2 protein chains.
Amino acid sequence: MAAKKKTWFAILGLLSWKPLSGYDIKKLVEIGLSHFWSESYGQLYPTLDQLVAEGLARKKPAQSGKRKRFIFTITAKGRREFQNWLSQPTEPPQLRSEFQLKFFLSSRRPLAECLRLLQEYREQQQELYELYTTSDAILSQALDEDTLPEEMRGVLDDGSREQVLIFLLTLRHGVRSCEARLAWCDEAAQMLQDEVRRRASVA
Amino acid sequence: MAAKKKTWFAILGLLSWKPLSGYDIKKLVEIGLSHFWSESYGQLYPTLDQLVAEGLARKKPAQSGKRKRFIFTITAKGRREFQNWLSQPTEPPQLRSEFQLKFFLSSRRPLAECLRLLQEYREQQQELYELYTTSDAILSQALDEDTLPEEMRGVLDDGSREQVLIFLLTLRHGVRSCEARLAWCDEAAQMLQDEVRRRASVA
DNA sequence: TCAGACATGTAAGTCGTTACATGATTCA
DNA sequence: TGAATCATGTAACGACTTACATGTCTGA
């Protein structure tokens, strides 16, 4: 139980909300956590069995519906493990950014190359930003009106305001980060172009 | 040559600056790329041999110094591969943030728990921010005065302004991101506390 | 002399994705 | 009837870290 196993806790956390199948969990992650988390089936199903083996969850076939389907329920032990993980210090995200790597390594290439990289990055971020702000608007409105947006039924149940609020806040983390990156792109492009001009004037 | 192998290109990129040993590369990554990249020896040395096997680099024992030491030099083919990688579309960083995972999953826990997570995160970011701004100041000054800061001799050679500029800009990406995250923490804490108050007033 | 930096490497294990394999059910 | 979705799983691979193993050289 020592190491990382973040997948374990991602799953336990979702199970702490309500019993779910592997498939449910996959969907939930895609809808709710997609901008900062992902899980593949290849990871999910084996991990679920491990959780059961460790006594952190229970597996039982679903009686409703005719499909082969297994519902996982968190155990008291699982809940304790999850809460313990929550209270444990969080390791800061160590991102590996291919863009930044390229940008840094391009410092001996023509400045046009750096600028092209910058522009490509900016376009990606802009697209992301629009995605985020759309969802942000929907969630903000929902919070205002104290309702649940349709897209979220099944993901967030009952009229829990906190859930909507936290959802909105995690999203807004993405929004703010995106904004910062966009601003940085403009600042960086500006400085690179200033440098081009400076070089021209010195020569 | 199809897939990811970003380590390959990180190394090739550094070798495109000048011939280096595995140890040199490790140091260079730690000093120059540490806030968005890392390489471990377990990755580095085998990859260097792979590069040689693919004809992208050449390995030769160093004649200077008495220590066992191998210098790697990029080949023309290696250079082509590197430049090709640079021009290839960059995949957007998919971060997996343990903090965001915790924060999201804590939405059914007492609000105090969410606030604690937030505060811990803020402290981490604050620390990072101070680290970044210190380096930023040094690099900004160096750029102003057209000199190389001592810490960078060996990392960046000759008086290449572009190198210092790009170095500063990659760093500033971190600075801007940090600022955004700090601002987000404050915004989020504010909104959570408003919610606590709102709940009190409704009850 | 001995700590700390220099220097290279391997083995084992963790973490995660992709692609594949299989099959039921629903609905247009 | 056939495409989409529901649903579970495995095998193979790739990326990366950690810990270990080994030894040299420099300078206080």
Side-chain angles (χ1 to χ4, degrees), chain A residues 1-11 19-31 33-34 36-54 57 59-72 91-98 101 154, chain B residues 1-11 19-31 33-34 36-54 57 59-72 91-98 101 154:
Chain A
M1 219 122 307
K4 324 256 148 157
K5 291 170 181 175
K6 301 188 193 163
T7 296
W8 284 40
F9 298 107
I11 294 175
L20 295 164
S21 70
Y23 193 83
D24 292 337
I25 291 173
K26 183 69 160 74
K27 289 286 154 274
L28 228 53
V29 169
E30 276 168 8
I31 295 170
L33 319 187
S34 59
F36 58 87
W37 205 259
S38 68
E39 291 296 347
S40 61
Y41 286 125
Q43 188 80 335
L44 209 45
Y45 285 112
T47 302
L48 279 167
D49 288 338
Q50 283 165 36
L51 291 177
V52 171
E54 295 286 335
K59 178 183 194 170
K60 57 165 197 253
Q63 49 275 76
S64 72
K66 288 119 195 195
R67 278 200 189 81
K68 176 172 86 166
R69 190 153 185 275
F70 299 100
I71 303 297
F72 293 84
E91 64 180 70
Q94 83 272 33
L95 50 140
R96 268 185 134 206
S97 162
E98 190 179 6
L101 181 63
Chain B
M1 220 122 306
K4 322 258 151 157
K5 292 168 181 176
K6 300 187 195 165
T7 295
W8 283 40
F9 297 107
I11 294 176
L20 296 163
S21 70
Y23 193 82
D24 292 337
I25 292 174
K26 183 68 161 71
K27 288 289 155 270
L28 228 52
V29 169
E30 276 168 10
I31 295 169
L33 318 187
S34 61
F36 58 86
W37 205 260
S38 68
E39 293 295 348
S40 60
Y41 285 124
Q43 188 80 338
L44 209 44
Y45 285 112
T47 302
L48 279 167
D49 288 337
Q50 284 165 36
L51 291 178
V52 171
E54 296 287 334
K59 177 181 194 171
K60 57 165 196 254
Q63 49 274 76
S64 71
K66 288 117 195 199
R67 277 200 190 83
K68 177 173 85 168
R69 191 153 182 274
F70 299 100
I71 303 296
F72 292 84
E91 63 179 72
Q94 82 271 31
L95 52 139
R96 268 184 135 208
S97 161
E98 189 179 8
L101 181 64

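All chains are named by letter (A, B, ...) in the order of the sequence lines, taking the proteins before the strands, and each is independently numbered beginning at 1. No experiment lies behind these values; they were computed from the predicted model shown. Atom set for the values below is all heavy atoms of this structure, side chains included, hydrogens, waters and symmetry mates excluded.
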Taking N or O atoms only and anything under 3.5 Å, show me the protein contacts with nucleotides 19-26 of chain C, one pair per line.
none

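An OP1 or OP2 oxygen of C/dG16 is reached within less than 4.0 angstrom by a side-chain nitrogen or oxygen of A/Gln43. Applying the 4.0 Å criterion to OP1 and OP2 of D/dC16, one finds that B/Thr7 has a side-chain N or O inside that range. Put simply, B/Tyr23 has no side-chain N or O that comes within less than 4.0 Å of OP1 or OP2 on C/dT8. Look at A/Tyr45 and you'll find a side-chain N or O under 4.0 angstrom from OP1 or OP2 of D/dT8. Checking the phosphate oxygens (OP1, OP2) of D/dT17, a side-chain nitrogen or oxygen of B/Ser38 falls inside 4.0 Å. For the pair B/Lys59 and C/dG9, the criterion of a side-chain N or O lying under 4.0 Å from OP1 or OP2 is met.
In this structure, B/Leu44 atom CG and D/dA19 atom P are separated by 18 Å, rounded to whole Å. One interatomic measurement links the two molecules: CH2 of B/Trp8 to P of D/dC16, which rounds to 13 Å at whole-angstrom precision. Here the P atom of nucleotide C/dT14 and the CD atom of B/Glu98 are 18 Å apart, to the nearest Å.
Under a cutoff of 6.0 Å and an axis angle of 45°, A/Lys27 and A/Tyr23 form a cation-pi pair.
If you check C/dA7, D/dG9, D/dC16 against the side chain of A/Phe70, the one that comes closest is D/dG9. Listed candidates were D/dT10, C/dC15, D/dT8. Nearest to the side chain of A/Pro46 is D/dT10. Of the candidates C/dA7, C/dC6, D/dC16, the closest approach to any side-chain atom of B/Lys27 belongs to C/dC6.
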Dump the intermediate steps for side chain to side chain contact (heavy atoms under 4.5 Å, CB included) on B/Lys6 and B/Trp37, then the final yes or no. CA-CA 10 Å; B/Lys6 300 187 195 165; B/Trp37 205 260; 3.6 Å; yes
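The pair B/Glu54-B/Lys5 does not count as a salt bridge, with every side-chain nitrogen at least 4.0 angstrom from each carboxylate oxygen.
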Show me, pair by pair, the donor-acceptor contacts under 3.5 angstrom made by side chains of residues 40-48 of chain A, not counting sequence neighbours?
{"residue": "A/Gln43", "atom": "NE2", "partner": "A/Thr7", "partner atom": "OG1", "Å": "3.4"}
{"residue": "A/Thr47", "atom": "OG1", "partner": "A/Gln43", "partner atom": "O", "Å": "2.5"}

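Each of B/Gly22 and B/Arg96 was assigned the nucleotide of DNA chain C with the nearest heavy atom; the assignment lying further toward the 5' end belongs to B/Gly22.
Rounded to 10 degrees, the angle separating the terminal helix axes of the helix from C/dT1-D/dA28 to C/dA28-D/dT1, each built from five base pairs, is 30°.
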